[in-house]
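In what follows, every chain begins at residue 1, and chains take the letters A, B, ... in the order their sequences are listed.
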Amino acid sequence: MSNMLEIKDLHVKVEDKEILKGVNLTIPKGETHAIMGRNGSGKSTLSYVMAGKEGYEVTKGEILLDGENILELEPNERAVKGLFLAFQYPIEIPGVATMTFLKAAMNAQRKARGEEELLTPDFMREVKSAAKMLEIDSAMLKRALNVGFSGGEKKRAEILQMALLKPKMCVFDETDSGLDIDALKIVSQGVNALRDANRSMLIITHYQRLLNYIVPDVVHVFSNGRIVKSGDKSLALELEEHGYAQYDESI
Amino acid sequence: MIGKLNQSEQVLLETLQKTGADELAADFAKTGLPTRRNEAYHYSDLKMLLGDVPDLTTGAISTSVPLLNIEGAYRILIVNGEVQISDEPPTGVIVSTSRGGVVEPENDIVAQLNSALTKETLNIDLQGTVETIIHIDRRYEGEASHINDGVELYILDGSNATIIESFSGSNEAHLSNSASKVILGRDAKVTHIMVDLSGGRVRHLQSVQYEINESALLHSLIIHKGSALARTQLFAKFIGENAHADFAGLILGAKEQHSDISINIEHNVANTTSSENYKSVVLDKAKAIFQGKILVARDAQKTDAAMKHQGLMLSDDAQILVKPELEIYADDVICGHGATCGQIDMDSLFYLMSRGIEKEQAKSMLIRAFLAELFDEIKIEALKEALISVADEWLEV
C-alpha cells in the first residue's frame, strides 16, 4: 500500500445541509498536499470529518488511512492509528495542565498499541527536546492547556503535540491563521523537520503564504464542497494572483 | 396536633420526650420536621425525605477502616457520639469534652434536635501556630441508629490551625445529625474542611456555625460524597472588622442521592469580605441543591461578597437546584452572585480524544479540571492530595 490517505466520493451533511459533495483525494506516503479554498467552502468540515468529530453525517463515501476505513472509529482510535489534526482554534482547557495532557495523550497511544507507558524522565526529555525545536518556553508548558496562550503559542503547542505523538498522517487546519511572520517561520520549521518518507501531510489554508515555507508536492483547489482542480505548487501562486472566483461555477 | 405528625416525626417526638427535652418536644409536636413551605428546606422537604428514624445509639465500636488518611495528622475519633482520645495532642492543642450539645439553635429544628440529643461535645482549643493537621474522624458505626454528635473548635487570638472533619462508618441506614461550631479569635487563620464519606444508606444532617472575629481569615470547604441524603446548613457571622472568609463546597452526587448545601452568611460589621464558591457534579438520578444567602447588616458598610455556584450535569435525569438570596441593608456594598450549569464541553472532549485519549479518561480529565479550582486553594500538600483522592475515587465508580 503506497497511499497514506484515500478519500473516495465523500459526502457529508450537517443538519440536513450538504457541505461536502463528493470529495476525492489521494495522498501517497511521504507526500505533502495542500488544499486551498475560500472561507466557507467546507475545508474545515473535511478536517473535522477526518478526525471524527460528532455532528457530521457521512452520507456516502469512505476515508482510508493506510488502507483501512476509519469512518466508524472514535476520534481517539483514529489518533492511535496515526491521524493527527492540528486545530485551527486549539481548545483552551482550564484545570488541565499542559504536561499532564501531553503525558496522558502519549501514554494513551502507547497503551493502545500495546507498548509500555513512558517513564517520567524519558517523557520530560522528549518534551524538552521538541519544545526547544519550536522555541517553546518551559513556563508555557507549566500552564493549563492552551489557556492564556497567544495565537502563535497555541499553534506551536499543536506542532509540539504532533512532534511527540509522531503521527503518520498530519492535517493542518488553517495553521497559519493568527500567526505573525516569525511564528509562521518557527511553525513551518517544526513541520518541515517532521517531514519524512513515511509521513504524509495535508495543509488546509486559504492563503498561499504558508506554502512558501512548507512547500507542497500537490495543491488542490477546493470549492463548493469538493476538489475542483489539482496541480503542482505553481497552482497556489496562480490562485494568489487570480483568486477563487474562476472556480466558483466550475462544477 | 399530634395527628399531623408522620411516623418519623412521631419517633423523633418520643425520642425527645424520653430524653427529657420537654420544651423542645412540645414545640416539635406542633411543627414537626421542616417541609417545602419552610424556605430553608424548600428543596429538601425533610418530612417527605427523612424516612425511618432508628433508635438512638447505645454506643458502638469503630470497626470500619478510616476512609481518609492524612499523613501526619492528629486524629481524634468520635464514634456514635462518643469522643475517644487516644493520643497525646500536639503542642497548642487542648482537647476536652463537655456534656450536651453545642450548636445554638438558630430557630432551626435540625440544629435544635442535635443540641437536645447530643450527650457529649468534643471541645478543642487551638493556640499558637499549630502545624499538625487536626483530623476529627466522626464515625457512625454498628447497626442502623440515630446518632447526634457535636464539636466545638476555638481558635484563639492570633492562632493558625487546619482542621478536617470526616464523616464515615458502617453502611447502615443511620440517621446522623452532627454539629460543628468554629470560633475564630482575632487574627486567627483557619482552614476548616468537612467531608461526608458516609455509606450510601445514611441520612446525614449537619449544622455548621462560624463566628469570625476581627482580622480573622477563614477558609471553609464542605464536600458531600457519601450519604443517600445529605444536608449541610452553614451559618457564618462576621462579628469583627477586617475579616475575610472563603466559603467553598462540592457536591458529588450519583445514583439517587439527594445532597443539599445551604449557607447563611451574615456580614454584621463594616469592612469584611467573603467569597462563596460552590460546585456540584451529578450523574444518574442524583439531585444537588445549593442555597446561598448573604445578609449585609445596616452597619456593615464596605462589605464585599461574591457568591458563585457552578454545576456539571453528567446525565439527563440528574438535577441541580440553585437559589441565591441577597439581603442588603447597607448602601456602600459590593455583593454579587452567579450560577452556571452545563454538561461536559463537547469541543474539549473532542480535542482530548483527537490526541488518542479514550472517552472515559477524557471525561475524567475534564471533570477533574472542573474541580481543580477548589483543591488548588488547599495549600497543605498532604491534605490536598487526600481530598483529590476522594474526588478521584468518586470518578472511578
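Crowding of Lys53(A) atom NZ: a count of heavy atoms from other residues, nucleotides or ligands under 6.0 Å exceeding 12. Crowding of Tyr56(A) atom OH: a count of heavy atoms from other residues, nucleotides or ligands under 6.0 Å exceeding 12. No more than 12 heavy atoms of other residues, nucleotides or ligands lie within 6.0 Å of NZ in Lys81(A), so this atom counts as exposed by the packing criterion. Glu71(B) CD: 12 or fewer foreign heavy atoms inside a 6.0 Å radius. Applying the 6.0 Å contact sphere to CD of Glu256(B) captures no more than 12 heavy atoms from other residues, nucleotides or ligands.
For a heavy-atom cut-off of 4.5 Å, chain A lies close to no residue in residues 375-391 of chain B. Using a 4.5 Å cut-off between non-hydrogen atoms, the part of residues 140-147 of chain A that approaches chain B consists of Leu145(A), Asn146(A). Annotation: residues 353-370 of chain B contacts chain A through Met353(B), Ser354(B), Arg355(B), Gly356(B), Ile357(B), Glu358(B), Lys359(B), Gln361(B), Met365(B), Leu366(B), Ala369(B) [non-hydrogen atoms, separation under 4.5 Å].
Classified by interplanar angle (parallel below 30°, tilted 30° to 60°, perpendicular above 60°), the ring pair Tyr351(B)/Phe101(A) is parallel.
Heavy-atom distances place the side chain of Glu54(A), and not its backbone, under 4.5 Å from chain B.
Among pairs with a residue in residues 337-346 of chain B, those fulfilling side-chain hydrogen bond (donor to acceptor under 3.5 Å, both in side chains) read Asp345(B)-Ser348(B), at least two apart in sequence or across chains.
The residue among Ala105(A), Pro90(A), Ala112(A) with the most heavy atom pairs within less than 4.5 Å of chain B is Ala105(A). Comparing Arg78(A), Glu92(A), Gln161(A) by heavy-atom pairs within less than 4.5 Å of chain B, the highest count is held by Gln161(A).
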